[in-house]
Amino acid sequence: MTCPLVQPGTLGLDVTLPPEWDWTHLQDVLQQYFQLTESWWSPASPVRLVTGARVLSTEQLAWLAELLQKHDLVLVNVQTEVRATAVAGAMAGYSVAQGERPAQAEPLGAPALYLNHAVRSGVEVRHPGTVVVVGDVNPGGCIVADGDIVVWGRLRGVAHAGAGGNSQRLIMALEMAATQLRIGRLVARTPANVAFYPEVACVQGDAIVLHPARDFGRTTPGGVF
Amino acid sequence: MGRIVVITSGKGGVGKTTTTANLGMALTRLGRTVALMDADFGLRNLDLLLGLENRVVYTALEVLAGDCRLEQALVRDKRQPSLALLPAAQNRNKDAITPEQMKQLATLLAEKFDYVLIDCPAGIESGFKNAIAPAQEALLVTTPEIAAVRDADRVVGLLEAHGIRKIALIVNRIRPQMVQANNMMSVSDVQEILAIPLAGLVPDDERVIISTNRGEPLVLEANLSLPGIAFHNIARRLEGEKVPLLDLDAPYNTLMGRLRRFFSR
């Protein structure tokens, strides 16, 4: 399931809970996600919780509200397909919408996600736009973006740009030592000898190729020079 | 209130329990009172390493159930009366206790002791969550192996997500000779990935195995061995002293060694 957990919605933020994930896993993922993106969302943003077919207890709902509050976000709305969750939400005083899943926000227009924090092993960041990381992406860490990926640091984990299938997207890193690079539907490994200059990965033909960053703009059509 | 420190690693067998036992002992030698809390329910080892196995009567679970007072469950060390151990139950598993109960016990201990050291079980499941719930700071133990470092990196992320920002690194079981020959990750390789401050380095040493088997922590020896000094230094750094890192390379960093390395490149 390629469901972004958090994305800008009609109200403020949409937090989607994938129904097949078990609760403790979800807790871990959400905690890490908000820790990582804390400085990104504007303070006191309203949050709509999209729970789909998941049944949420009153305690679980309270836990989520507390987590959001800790990161200066406000839970205001619960969108669910399940009556029990709707009841729990209404009892806790949130506005509730029961019914079919709402249409997801148009991913292409999503603003970039800016992380000024290292992405460590076990952390997966999914975003329907471009992701900028100021810090390292460690081995075992993973970034999946529908847009470009810019790593102002060492990229040693997995990076997937153009996850929606767009092979025109780029991956840029100060040190390109990724475990795996994916752009659109293509996959590549980085060379064993890591270059000591910043590099850009893009798709040419049907392969992912690396360019030194300082030449990229000059040699690539549509570049900035 | 005392400081509540969790000693954790992610991967098993890297030396969490050994570190807890030795660090606890070293802190008492610096004049501190220390309570060690075994959070490894069902697989408790800390009592063995301290040589206190046969003096365990009650465990943390009996305290929580109200079957005994906290003082009754605490095992005082005969060699260092300012060190006490709160044993885990051996006949139960990790779900026998909740994070709230761990917090409750650790807070009670922190009222009476300068330090509460929590020995965390391996893994990142409920046992880990119990162990880190009460902690204000963490000591992360790792060995210079990619698997241990990868797991440690994951644990740093989880600790930060749980609001524990004060994390220091202990690199255990370093073999300077192998590092010099480029056959083992160096401390700077480890630090480059984890990017957290270093609390200390502990060299690999057979005496560690002997001391754990005997139940006598290394820092108790009259003439401290190299790993003993290393643990003692970590305790001093915890106390806020500035202690330079041990130069483990010294015996190998001779002129001949350097020449040999230069030509073998």
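- The pair K129(B)-D28(A) meets the salt-bridge criterion, with a side-chain N (NZ, NE, NH1 or NH2) lying under 4.0 Å from an Asp/Glu carboxylate O.
- Within 6.0 Å of the CE atom in M91(A), the count of heavy atoms belonging to other residues, nucleotides or ligands does not exceed 12.
- Between the R120(A) side chain and the L158(B) main chain, no donor and acceptor come within less than 3.5 Å of each other.
- In this structure, the portions of E192(B) lying under 4.5 Å from any heavy atom of chain A include both its backbone and its side chain.
- The environment of W63(A) atom CH2 is dense: over 12 non-hydrogen atoms of other residues, nucleotides or ligands sit within 6.0 angstrom.
- Under a cut-off of 6.0 angstrom, the local environment of CD in Q69(A) is sparse, with at most 12 non-hydrogen atoms contributed by other residues, nucleotides or ligands.
- Results of the side-chain contact (heavy atoms from CB on, under 4.5 Å) test with H162(B) over Q32(A), Q35(A), Q31(A) single out Q31(A) as the only residue that passes.
- Applying the 6.0 Å contact sphere to CZ of R175(B) captures no more than 12 heavy atoms from other residues, nucleotides or ligands.
- The neighbour count for L186(A) CG, taken as heavy atoms of other residues, nucleotides or ligands under 6.0 Å away, is above 12.
- Rounding to the nearest 0.5 Å places CG of D136(A) at 9.0 Å from CD1 of I193(B).
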